[in-house]
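Scroll down for the structure; my scribbles are underneath it.
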Amino acid sequence: MSVFKTRFTETFGVEHPIMMGGMQWVGRAELVAAVTNAGGLAVLSALSQPSPQALATEIARCRELTDRTFGVNLTLLPTQKPMPYAEYRAAIIESGVRIVETAGNNPAEHIAEFRRHGVKVIHKCTSVRHALKAEQLGVDAVSIVGFECAGHPGEDDVPGLVLIPSAANRLKVPIIASGGFADGRGLVAALALGADAVNMGTRFLSTRECTIHPAVKAAIRAADERSTDVIMRSLRNSARVARNAVSQEVLAVEARGNVSYADIAALVSGQRGRGVYEQGDTNLGIWSAGMVQGLIEDEPSCAQLLQNLVEQARGLIKHRLEGMLSYT
Ligand code: NAD
């Protein structure tokens, strides 16, 4: 049952103001369908598929698991091998997907092409100036990512508590607050700060339908809020990852100075990170996790998670917050 009605739920036609954004190696059909069926908006991660054809197949597989609307994430950041972005984009459009989350650098060409085909675009970015640029390009919503996040936080290091209201002060389009969200307290805070929804990633890793190895889910539940590292700062491609032997090695190489990507390429390779999720050895490579892992203690189904989250948020507003008012 719908508890909240926001510009996000209205624009994207979903029950809850909750999104599962792109997650490399994790955003696959099973999890995306589970979040979608639970009333959230979820996106498949395009680059987790080895080719545009494989992405089309994954979209079809997801359609077999849900008859509701889901989207696709297209991340535009440096990669070891050149990515055929235009072909991935074409596969998304030709598959009839109606919602896309773009993330990363220079999205203009992609946003224009998606819009030309009537696809709604959410651009995920880490600064107000990039959000304003995306708004000018005609996106339907902006996902604004605070420094707490997993993955790429940008280089400005502004946490959500300041970044979200700063974005809300300047933007007209709906805002999705991203980075550091895992429960109903975060949802209430995000709405109070001016957002229309929250985006969660790390929280969805420890859900029943997430297909990653149970040992990785257990590591997330065991970790506290300090157990992440920000690597690749020296390359201006910062990434927040779960602290492990490999992230510490990357930081040690970076601390020596004068680093080029080649010096750390073998350590940070996405294929090694993929092995972590598949084999359950959390020291096999780099894998993304946000500070919010310190708040994650269970492994609910996605339906339970979303229901608990909106109910907790409703209870907080009705009882805790209203109860604090000395007059109304
Ligand atoms: P990959 O194996 O090609 O690269 C591994 C990491 O190194 C990535 O973070 C990538 O951005 C970075 N990188 C690659 N070439 C670089 C260069 N020349 N200079 C600086 N940094 C470089 O990537 P992958 O793991 O297969 O991932 C594919 C895409 O998905 C990348 O764009 C990556 O950034 C992105 N991704 C996003 C998230 C997220 O949280 N949004 C998480 C993981 C990966």
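Computed over heavy atoms, backbone and side chain alike; hydrogens, waters and symmetry mates excluded. One-based numbering, in listed order, for ligands and for the atoms of each. These numbers come from a predicted model, not from an experiment.
R170 has its side chain out of reach of E135: every pair of non-hydrogen atoms, C-beta onward, lies at least 4.5 Å apart. In this structure, W287 and I212 have side chains that are not in contact, with every pair of non-hydrogen atoms separated by 4.5 Å or more. Side chains of I122 and I99 form a contact here, defined as non-hydrogen atoms less than 4.5 Å apart.
Among protein heavy atoms, the minimum distance from atom 37 (C) of ligand 1 is reached at H152 CD2, 3.8 Å. Closest to atom 1 (P) of ligand 1 among all protein heavy atoms lies Q80 CG, 3.6 Å. Among all protein heavy atoms, the one lying closest to atom 25 (O) of ligand 1 is G270 CA, 3.0 Å. Of the protein's heavy atoms, P78 O, 3.0 Å lies nearest to atom 10 (C) of ligand 1. The shortest contact between atom 5 (C) of ligand 1 and any protein heavy atom is with V268 O, 3.3 Å. Taking atom 31 (C) of ligand 1 as the reference point, the nearest protein heavy-atom neighbour is T79 CG2, 3.6 Å. In terms of protein heavy-atom proximity, atom 29 (C) of ligand 1 is nearest to L47 CD1, 3.7 Å. The protein atom (non-hydrogen) at minimum distance from atom 4 (O) of ligand 1 is Y261 OH, 3.5 Å.
A donor-acceptor contact under 3.5 angstrom links the side chains of E254 and S234, judged on distance only. Side-chain contact check for S206 and R221: at least one donor-acceptor pair (N or O, by modelled atom type) lies under 3.5 Å.
Ligand 1 lies out of reach of G273, whose nearest heavy atom is not under 4.0 Å from it. A heavy-atom separation below 4.0 Å is found between S288 and ligand 1.
In terms of N/O distances under 3.5 Å, ligand 1 is not approached by W25.
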Given E15 and S2, is the side-chain hydrogen bond (donor to acceptor under 3.5 Å, both in side chains) satisfied, shown in steps?
CA-CA 5 Å; E15 204 173 319; S2 167; over 6 Å; no
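Within ligand 1, counting atoms from 1 as listed, the ones closer than 4.0 Å to a heavy atom of S269 are 2 (O). Listed by number with element, the atoms of ligand 1 under 4.0 Å from a non-hydrogen atom of L77 are 32 (O), 34 (O).
In terms of the salt bridge (charged side-chain N to carboxylate O under 4.0 Å, His left out) criterion, E94 has no residue partners (sequence neighbours excluded).
Considering R236, M232, Q24 only, the shortest heavy-atom separation from atom 44 (C) of ligand 1 involves Q24.
Residue pairs meeting the ring-ring contact (aromatic ring centres under 6.0 Å, His included) criterion with at least one partner in residues 38-90, sequence neighbours excluded, do not occur; the list is empty.
For the pair R98 and F12, the cation-pi test (distance below 6.0 Å, angle within 45°) is failed.
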